[in-house]
*Asks:* 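Pasting a structure here, questions to come.
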Amino acid sequence: MKCRCGRSAVFHSKVYRITLCDRCYPKFYVNLVKRSIKRYRILKSSERVLVCVSGGKDSSAMAYALKELGYNIELFHIDLGIGSYSKESLKAVEELAQTLNLDLNVVKLKDYGFTIDDVERKKVCSACGIVKRYLMNRFAREKGFDVVATAHTCEDIILFFIKNMLSGNVEYIAKLKPRIEGYDKLVAKAKPLFERTEKENATLVLTLNLPFTPLECPHAPKDVWKEIIYDVEAKKKGFKLNFVKAIAKLAENVSTEEWEVKHCKICGEVSNSEVCSFCKLVRRYARNVS
Ligand code: SF4
Ligand code: ZN
């Protein structure tokens with residue numbers, strides 16, 4: 001297959017009815033990100049954006065696109081202490097920062113007395129989610145960033161939607177907005193890639209040879225829902241994009257105004273209970289803290 005410019009193709013999409021080469025694809029990708037940001041007002045040009053990078057392909061693609069679009073960004077990485085996976089991830093983000101000529105901020109979970117590998121098996125991903133949300137928000141606010149950008153893909157959003165619907169957590173749809181405004185001590189959150197697929201992100205990083213680690217976290221659960229989403233897309237092209245657009249519309253209509261703001265009595269951050277989930281993890285797992 002050939003690109004419209006005549007060169008060999010690296011990307012073909014039935015959804016966008018387009019075939020592109022390695023030179024034309026990055027421009028196309030960045031333009032798609034630009035369109036999402038504009039349509040859903042995900043970022044403002046005046047904002048300082050903290051771009052969370054895990055070392056994986058999705059966040060490397062996001063960092064590239066936001067840099068190309070001229071946003072005022074710095075990278076942020078959490079060293080979770082997950083054996084060789086975390087070591088490779090840190091190496092990848094360091095290389096990414098160098099390649100894109102961006103400042104990189106690294107926070108090590110072990111500085112709080114524990115790592116994700118210390119958490120008991122059944123609770124590991126939920127603890128990891130708590131750690132990431134807490135550390136990225138706190139770092140962003142303390143360092144004066146206006147917004148935190150995460151590389152949630154359209155598959156992530158659909159997964160989150162299905163799982164929360166099936167558990168009856170209807171109000172959680174509000175968390176799926178492409179942008180969630182900040183309040184109290186919470187910094188605004190942005191998902192610039194919420195309409196992008198994993199395949200689109202992978203094609204970008206491979207085409208441009210951007211640093212990323214292909215390793216998967218050893219704690220990652222096998223997710224049958226992800227396979228189902230891919231199966232449906234294979235039978236019905238455009239399913240993922242249409243579904244994620246519908247989720248964004250639904251999420252816009254869910255109000256968050258009535259959520260009561262409480263603060264953790266230990267760290268002072270926003271919390272649902274007297275002690276926040278992060279401080280509970282520190283209490284439970286930290287080796288140097290009572
Ligand atoms: Fe954290 Fe690994 Fe679970 Fe992802 S799969 S939430 S990185 S522990
Ligand atoms: Zn706390």
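Every number for a ligand or one of its atoms is a count from 1 in the order of the listing.
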*Asks:* Could you tell me the angle subtended at the Zn ion (ligand 2) by SG of Cys279 and SG of Cys267, rounded to 10°?
*Replies:*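 SG of Cys279, the Zn ion (ligand 2) and SG of Cys267 span an angle of about 110°.
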*Asks:* How far is atom 3 (Fe) of ligand 1 from the closest protein heavy atom, and which atom is that?
*Replies:* Cys125 SG, 2.3 Å
*Asks:* Before giving the answer on salt bridge (Lys or Arg N to Asp or Glu O under 4.0 Å), spell out for Lys240 and Glu233 the whole-Å C-alpha distance, their side-chain angles and the decisive distance to 0.1 Å.
*Replies:* CA-CA 6 Å; Lys240 288 191 285 187; Glu233 179 72 27; 5.0 Å; no
*Asks:* Find all atoms of ligand 1 within a distance of less than 4.0 Å from any non-hydrogen atom belonging to His219, and give their numbers and elements.
*Replies:*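 Matching atoms, with element in brackets: 8 (S).
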*Asks:* Using a strict 4.0 Å cut-off to heavy atoms of Lys132, name the atoms of ligand 1 that fall inside it.
*Replies:*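 The atoms of ligand 1 under 4.0 Å from a heavy atom of Lys132 are 1 (Fe), 4 (Fe), 6 (S), 7 (S).
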*Asks:* Could you identify the single nearest non-hydrogen protein atom to atom 5 (S) of ligand 1 and state the distance to 0.1 Å?
*Replies:* Ala220 CA, 3.5 Å
*Asks:* Can you list the other members of the hydrophobic cluster that holds Ile266, where links are side-chain heavy atoms under 4.5 angstrom apart?
*Replies:*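 Its cluster partners, ordered by chain and number, are Val275.
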*Asks:* Salt bridge between Arg133 and Glu269, side-chain N to carboxylate O under 4.0 Å?
*Replies:* no
*Asks:* Using a cut-off of strictly less than 2.8 Å, determine whether Cys217 has an N/O/S atom near atom 1 (Fe) of ligand 1.
*Replies:*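 Within the cut-off used here (under 2.8 Å), Cys217 places no N, O or S atom near atom 1 (Fe) of ligand 1.
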*Asks:* Is it true that Arg179 and Glu181 have a side-chain N and a carboxylate O under 4.0 angstrom from each other?
*Replies:* yes
*Asks:* With no hydrogens and no angle check, just 3.5 Å: does a side-chain donor-acceptor pair link Thr153 and Asp156?
*Replies:*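 Short answer, yes.
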*Asks:* Find all atoms of ligand 1 within a distance of less than 4.0 Å from any non-hydrogen atom belonging to Cys128, and give their numbers and elements.
*Replies:*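 Reading through ligand 1 atom by atom, the close ones are 1 (Fe), 6 (S), 7 (S), 8 (S).
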*Asks:* Under the criterion salt bridge (Lys or Arg N to Asp or Glu O under 4.0 Å), which of Lys132, Lys110, Lys108 is the partner of Asp79?
*Replies:*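 When Lys132, Lys110, Lys108 are each tested with Asp79, the salt bridge (Lys or Arg N to Asp or Glu O under 4.0 Å) holds only for Lys108.
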